[in-house]
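These numbers come from a predicted model, not from an experiment.
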Amino acid sequence: MIHFFLLFSLAFSDYGFIQGVASLGINYGQVGNNLPAPEKVLELLTSLKITKARIYDTNPQVLTAFASSNIELIVTVENQMLSVLMDPQQALQWVSTQIKPYVPATRITGIAVGNEVFTDDDTTLLTYLVPAIVSIHGALVQLGLNNIQVSTPNSLAVLAQSFPPSAGSFKSEVSGVMSQFLQFLSSTKAPFWINAYPYFAYKDDPNRVPLDYVLFNPNSGLVDPYTKLHYDNMLYAQVDAVIFAMARFGYYEIEARVSETGWPSKGDPNEVGATIENAAIYNRNLLRRQLENEGTPLRPNMRLEVYLFALFNEDMKPGPTSERNYGLYQPDCTMAYNLGLSALSSPSSTSSASISLTSSATKASNKEYDQSLLYWMFVYLLTFQVFMRRPF
């Protein structure tokens, strides 16, 4: 019965009906010694009509270069700064020097406080996370910048279980801090950011994980045995698992957004699937779904906001070869591989160099609203008896 309550609550929360965002986002990493100047990067993003980007610091050169552009920017507080910024006075000073001088000319819309802190090897970071988030948000409010959202990107490893999606749950060892974090997101209406990479699932178990399922290619998909929702790709299943995990804490309305996802075009011999072909297919299929304003099966009428990883191949990133080969572009601004996006161009586009990756938000008509109600009533009738007999 609790499974049904979660499903019903999620389906009819404020986020169960048509919502939308303006465009696809992209992660602009800078761990390289041969990357173009921020001004050149802005030209590239503008030519692609990309209007959302995320950087992994508060690089003043980037913030200055992006002034008076239409790029909405998410900036990042590095993990090593969390212990300092949990102090409200230090947070106020940080926001006063790193954020306030650049707005509103630079459209900073979000601050990512740390990255994958819940699963970091340094477990002491977790004790700093929520106090730092609260202090930074408080500083923004004090300075009249409370339109900037504050959250933290999370690894999918924060989940104890991710399949089926309706069984999504957070690891017990982080439950205390997670509860505080979700309370903050709920009270400030900020999103839960998740770094989700179906590539890793395929690489780790290529004999059992269907390649077409992780690449968004046509496939039979999988059905959640409890909700009966059908999933034709792994990314949407991962996102819905996060939504169910939040619901288990009593939070049904928090929006889940994908802060990172991508596919490497090159890897070491043991990195199965890291090829140019697979990278092109994954990113092309994801972009196509973004242009169609798709939501996940659990929230079908709310367009899933996604930030692709990454804009460039970054030659100084540590780790396996794949880490340096997630980019859509080489540092000289030539494409790392052909995404074949010309078919996705807007009708007014005259060349593949001006591909539109934007899509306007749509509102539900009365007919779509009625169809949504009928859909969820069908799910209810189909699953009610199962939930009545199944313990949580």
Side-chain angles (χ1 to χ4, degrees), residues 20-32 34-76 99 102-112 148-149 153 193 257-263 265 279-280 282-284 286-291 303-315 317 325-342 344-346 348-361:
V21 294
S23 82
L24 174 83
I26 198 158
N27 286 278
Y28 167 24
Q30 300 160 68
V31 188
N34 56 356
L35 296 175
E39 293 79 6
K40 185 72 173 178
V41 174
L42 177 60
E43 291 178 9
L44 176 61
L45 295 178
T46 302
S47 73
L48 295 172
K49 300 182 182 177
I50 290 178
T51 61
K52 294 177 184 287
R54 174 190 171 206
I55 59 175
Y56 290 84
D57 51 23
T58 54
N59 187 330
Q61 292 180 310
V62 175
L63 297 182
T64 301
F66 280 43
S68 302
S69 73
N70 68 337
I71 306 294
E72 296 180 5
L73 202 59
I74 294 174
V75 301
T76 303
I99 304 296
Y102 302 99
V103 295
T106 301
R107 301 178 64 187
I108 299 174
T109 59
I111 298 176
I148 297 176
Q149 293 183 318
W193 286 330
R257 297 180 183 176
V258 178
S259 42
E260 290 182 15
T261 192
W263 197 286
S265 59
Y282 181 84
N283 287 318
R284 181 171 60 244
L286 176 58
L287 292 174
R288 181 178 291 112
R289 288 173 181 251
Q290 283 280 288
L291 289 171
R303 183 182 185 273
L304 177 65
E305 181 162 336
V306 173
Y307 282 71
L308 271 181
F309 187 87
L311 183 57
F312 294 111
N313 284 335
E314 301 168 65
D315 67 345
K317 291 197 71 174
N325 288 277
Y326 275 90
L328 299 183
Y329 285 85
Q330 302 287 6
D332 63 0
C333 293
T334 59
M335 296 196 77
Y337 48 87
N338 183 7
L339 272 179
L341 291 176
S342 58
L344 302 182
S345 305
S346 62
S348 60
S349 295
T350 57
S351 74
S352 59
S354 59
I355 294 165
S356 173
L357 298 183
T358 63
S359 53
S360 60

### Query
Is the number of heavy atoms from other residues, nucleotides or ligands within 6.0 Å of CD (Glu39) greater than 12?
yes
#### Entry: For Asn283, the option from Tyr326, Trp263, Tyr337 that meets side chain to side chain donor-acceptor pair (under 3.5 Å)
Tyr337
### Query
Between Asn59 and Tyr28, do the side chains contain an N or O donor and an N or O acceptor separated by less than 3.5 Å?
no
### Summary
In this structure, CD1 of Ile55 is separated from CD1 of Ile71 (nearest 0.5 Å) by 12.0 Å
### Query
Ignoring hydrogens and geometry, is there a side-chain-to-backbone donor-acceptor pair from Arg54 to Ile74 under 3.5 Å?
no
### Query
Can you name the side chain to side chain contact (heavy atoms under 4.5 Å, CB included) partners of Leu35, sequence neighbours left out?
Gln30, Phe312, Pro331
### Leu304 CG to Leu24 CG distance, which is reported to the nearest 0.5 Å
10.5 Å
### Query
Which one of Asn27, Leu328, Ile50 satisfies the side chain to side chain contact (heavy atoms under 4.5 Å, CB included) criterion with Leu308?
Leu328
### Query
Leu311 versus Leu44: any side-chain heavy-atom pair under 4.5 Å?
yes
### Query
From Leu73 CG over to Ile108 CD1, what is the distance, rounded to the nearest 0.5 angstrom?
6.5 Å
### Message
Main chain of Ala279, side chain of Ser265: is a donor-acceptor contact present, judged purely on distance under 3.5 Å?
### Response
no
### Message
Nearest 0.5 angstrom please: Arg257 CZ to Arg303 CZ, how far?
### Response
10.5 Å
### Query
Just by distance, do the side chain of Thr64 and the backbone of Pro60 share a donor-acceptor pair under 3.5 Å?
yes
